[in-house]
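Report on one structure; see the data block that follows.
The chains referred to below are lettered A, B, ... by the order of the sequence lines, with proteins before strands, and numbering in each begins at 1. The analysis underlying the following values was restricted to heavy atoms, covering all of them including side chains, and did not include hydrogens, waters or symmetry mates.
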There are 2 protein chains.
Amino acid sequence: MLNNPTIKDVAEKANVSVATVSRVLNGLTGFSAETEVRVRNAIAELGYQFNAVARNLKLKKTNIIAVLIPQVETTFYVKILNGIEDAAQNCGYSVMVCHVGISGNRTQEYIKMLAERQVDGIIGCSLPPDEKIDTLMAECEIPCVLVSTLSSRYSIPYIRVDDFKASYAATTYLISKGHKNIAMLAGSQDDVVAGVLRLKGYRKALEDNRIPYSPKLVQYTRFSYETGLQAAKDLLNSGESFTGVVACCDEVAVGAISAAYEAGLKVPDAFSVIGYDNTRTAEMAVPPLTTVSQPLYPMGEQAFHMLQNEMEQGKKAENQILPYEIVERDSVKKV
Amino acid sequence: MLNNPTIKDVAEKANVSVATVSRVLNGLTGFSAETEVRVRNAIAELGYQFNAVARNLKLKKTNIIAVLIPQVETTFYVKILNGIEDAAQNCGYSVMVCHVGISGNRTQEYIKMLAERQVDGIIGCSLPPDEKIDTLMAECEIPCVLVSTLSSRYSIPYIRVDDFKASYAATTYLISKGHKNIAMLAGSQDDVVAGVLRLKGYRKALEDNRIPYSPKLVQYTRFSYETGLQAAKDLLNSGESFTGVVACCDEVAVGAISAAYEAGLKVPDAFSVIGYDNTRTAEMAVPPLTTVSQPLYPMGEQAFHMLQNEMEQGKKAENQILPYEIVERDSVKKV
DNA sequence: GGAATAAAGGTAATCGTTTACGTAACCGGA
DNA sequence: TCCGGTTACGTAAACGATTACCTTTATTCC
């Protein structure tokens, strides 16, 4: 950090007081046109650089928000992040991205750091099922919003799609294409939303269509390509027969496609696959992946505005449920 | 931002001066064991929260660095970012990620904002070929380091692999597999490194192996899946015959695989493809993509340490060239 | 002409830390 | 006894902005 000129230097040079410089800088009133010119000239001549840290201290507001994400390895977070960032920037906020790690073990230090740095708000994206994390968020006294997840014990406002319904719809979609033996590559069951609810939706859809549920057709993953690949291999090796697969996310779905490839099979000929999230991974898959689309970018934008409401008006936002949509590509065929 | 207790409150409660509280807080000397206990108890009782903004103002150091990236849509940046973040966190720094946009049009406002926020340093990742961007970085008087790119006009320290050599090696690899008609899906030619140098490496490899260069076998992309797909389609439609494709990045390579899929062809049967970067996209492709691996995570780590050197010792780091490696998977076959 | 009002701009306290400098108490050695 | 050195603090001035509260001057209206 350099020894930049301050508003005091500007004030001296322009022969006014610091108050006047500040007024000019902030577009307030209380100075004449010619004073403004003198001040602006002094600023230009000195190469004056505004110091936001000083302002933040005085105003007790940093205009920084933090976004907590488990990992960015998947493109899932990218769209949310873009939505948050664009909205934040339009409103004069900067965002600090924090990878709390998939196990959430760095969360505690992170939240402490954020509190010290006086961030104005925190957005938690699809956080890992760590017991402590929502406690920390609830107790740190900083406005918080959750995206694509919820807290089971605290009333932290959230924005997400209805995972139960979406998963129900995905399964029903396969059924409508004539599939009867449908496997599920589920997420970790300690994840309340993406794990538990999506599995429940799958089961309910089977039930409502009088298809018996078989635990043997369910494999568990950790939402990653690698675990998806392994789970799909296990499924193929189990000897169970199936023609459709519902995946808990796109990466896992692509893992299933890769497992088929390794086994010399082809999707959707050998079996159909439907993903979840409609990330870039889904577009780029071979074959392109049919998937449940979440409006990730808008979710990010709205999450920011919910947070902004709390930061600026002090009132907690209402929870929001956004619509999903099935995007049809080439990974599902009629049987 | 709440009205937290300050060290003044702590000082009163513990019956000491603020200086003593500060000394305890910072692990300095100059207080007795029993005083320390009193201070720590007061801190605990009041629920005192340290205020980093005040310290930053006083010390003229924020311990925040910014990372400028065009977009995070690709997993390319993710590994670099992880490397930077881990290293930064170990050294007590926080990182602020800034998406300057693929066209770099937000760069100017961003750098101004970063200067105002008094960030201690900036890392520019693979920045877009905007004329102004390195000028801004060079002139903002904040320590800067470039990753996977370089500035043609300013001496900003950089860390990257030798793109010319790596691209030469990728092309030579295809040649060693018996390929003679090798196409290139190049990047934008206004990108000095990933665009120009990788094309040059390709041409030199052809030349050294006495294979005539044909401009018709070169298509240009913008490093994205979409432009890669389109370029590969154009190539297929051009009627030129080729058995191998060198891509400027993994996403473009996957675009080529998808173009083959759409045309009813298969990789590597119809043609072989070699990618660049070894991102997750390469692992997840069907077939898994043979690619040039850049040590992205270590690049991120080292970039941070180069920056740290300049921030803390004030001396610019030496440029660094890191080794590449060809990772063999299933997208290339012998002809 | 005088009172009221508005406009222009200055003074100084404040935000919550860090730290240079001062001081009092204590100890040990000659 | 006196001196020098150490330890354990306290005092107060920064850091660079914002802003409440003045003061001065000009303008307006009866």
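Nearest heavy-atom pair, B:Met299 versus B:Arg160, reported as atom, atom and distance to 0.1 Å: CE-CA, 3.8 Å. Of all non-hydrogen atoms in A:Ser151 and A:Leu146, the two that sit nearest each other are N-CD1, 3.5 Å.
Protein atom CZ of B:Arg117 is 18 Å distant from nucleotide atom P of D:dG16, rounded to whole Å. Remark: C1' of C:dT14 and CG of A:Asn56 are 15 Å apart, rounded to the nearest angstrom. Atom CG of B:Asn26 and atom P of C:dT17 are 10 Å apart (whole Å). What separates CD of B:Glu36 from C1' of D:dC9 is a distance of 14 Å, to the nearest Å. What separates NZ of A:Lys8 from P of C:dA12 is a distance of 13 Å, to the nearest Å. Between the C1' atom of C:dT19 and the NZ atom of B:Lys58 lies a distance of 6 Å, rounded to the nearest Å. C:dA13 atom P lies 17 Å from atom CG of A:Leu57, rounded to whole Å. Rounded to whole Å, the distance from CZ on A:Arg55 to C1' on C:dC15 is 14 Å.
The side chain of B:Asn51 sits closest to C:dG16 out of D:dT18, C:dG16, C:dG9. For A:Val16, whose side chain is taken as the heavy atoms from C-beta onward, the closest listed nucleotide among C:dG10, C:dT17, D:dG16 is C:dG10. With distances taken from any side-chain atom of A:Phe50 to the nucleotides C:dG16, C:dG9, D:dA17, the minimum falls on D:dA17. In the set D:dT18, D:dC9, D:dA20, the nucleotide with an atom closest to the side chain of A:Ser22 is D:dT18. Comparing atom distances between the A:Ala54 side chain and each of D:dG10, D:dA17, D:dA8 picks out D:dA17 as nearest. In this structure, the nucleotide among C:dT11, D:dA17, D:dC9 sitting nearest to the side chain of A:Ile7 is D:dA17. Residue B:Val18 places its side chain closer to D:dA12 than to any other of D:dG16, D:dA12, D:dA20. Closest approach to the B:Leu59 side chain among C:dT18, C:dG9, C:dG16 is made by C:dT18 (side chain taken as heavy atoms from C-beta onward).
The side chain of A:Thr35 contributes an N or O atom lying less than 4.0 Å from OP1 or OP2 of C:dG9. Of the side-chain N and O atoms in A:Lys60, none sit less than 4.0 angstrom from OP1 or OP2 of C:dT14. Neither OP1 nor OP2 of C:dA7 sits under 4.0 Å from any side-chain N or O of A:Thr29. A:Thr6 has no side-chain polar atom (N or O) that falls below the 4.0 Å cut-off from OP1 or OP2 of D:dG16.
Among the heavy atoms of the strands lying under 4.0 Å from A:Asn15 are primed sugar atoms or P, OP1, OP2 only; no base atom is included. Within the 4.0 angstrom heavy-atom criterion, no nucleotide atom of any strand lies near A:Glu34.
Within a 6.0 Å radius of CD in B:Gln313, more than 12 heavy atoms belonging to other residues, nucleotides or ligands are found.
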Under the side chain to side chain donor-acceptor pair (under 3.5 Å) rule, what do A:Gln302 and A:His305 come out as? Steps first, then yes or no, please.
CA-CA 5 Å; A:Gln302 290 193 46; A:His305 291 302; over 6 Å; no
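Position along DNA chain D of the nearest nucleotide to B:Ala33 versus A:Thr20 favours B:Ala33 as the more 5'-ward residue. Nearest-nucleotide assignment on DNA chain D puts the 5′-proximal partner with B:Gly30, out of B:Gly30 and A:Leu28.
Here the side chain of A:Asp9 pairs a donor or acceptor atom with the backbone of A:Thr6 at under 3.5 angstrom. Side chain of A:Asn309 to main chain of A:Ala317: no donor-acceptor pair is present (N/O by atom type, distance under 3.5 Å, no hydrogens or angles). A donor-acceptor contact shorter than 3.5 Å links the side chain of A:Lys316 to the backbone of A:Ser155.
In this structure, the ring of A:Tyr93 has its center less than 6.0 angstrom from the ring center of A:Phe304.
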Any N/O pairs under 3.5 Å between the protein and nucleotides 24-28 of chain C? List them or say none.
none

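Between B:Glu12 and B:Lys8 there is no salt bridge, since no side-chain nitrogen of the basic residue lies less than 4.0 Å from a carboxylate oxygen of the acidic one.
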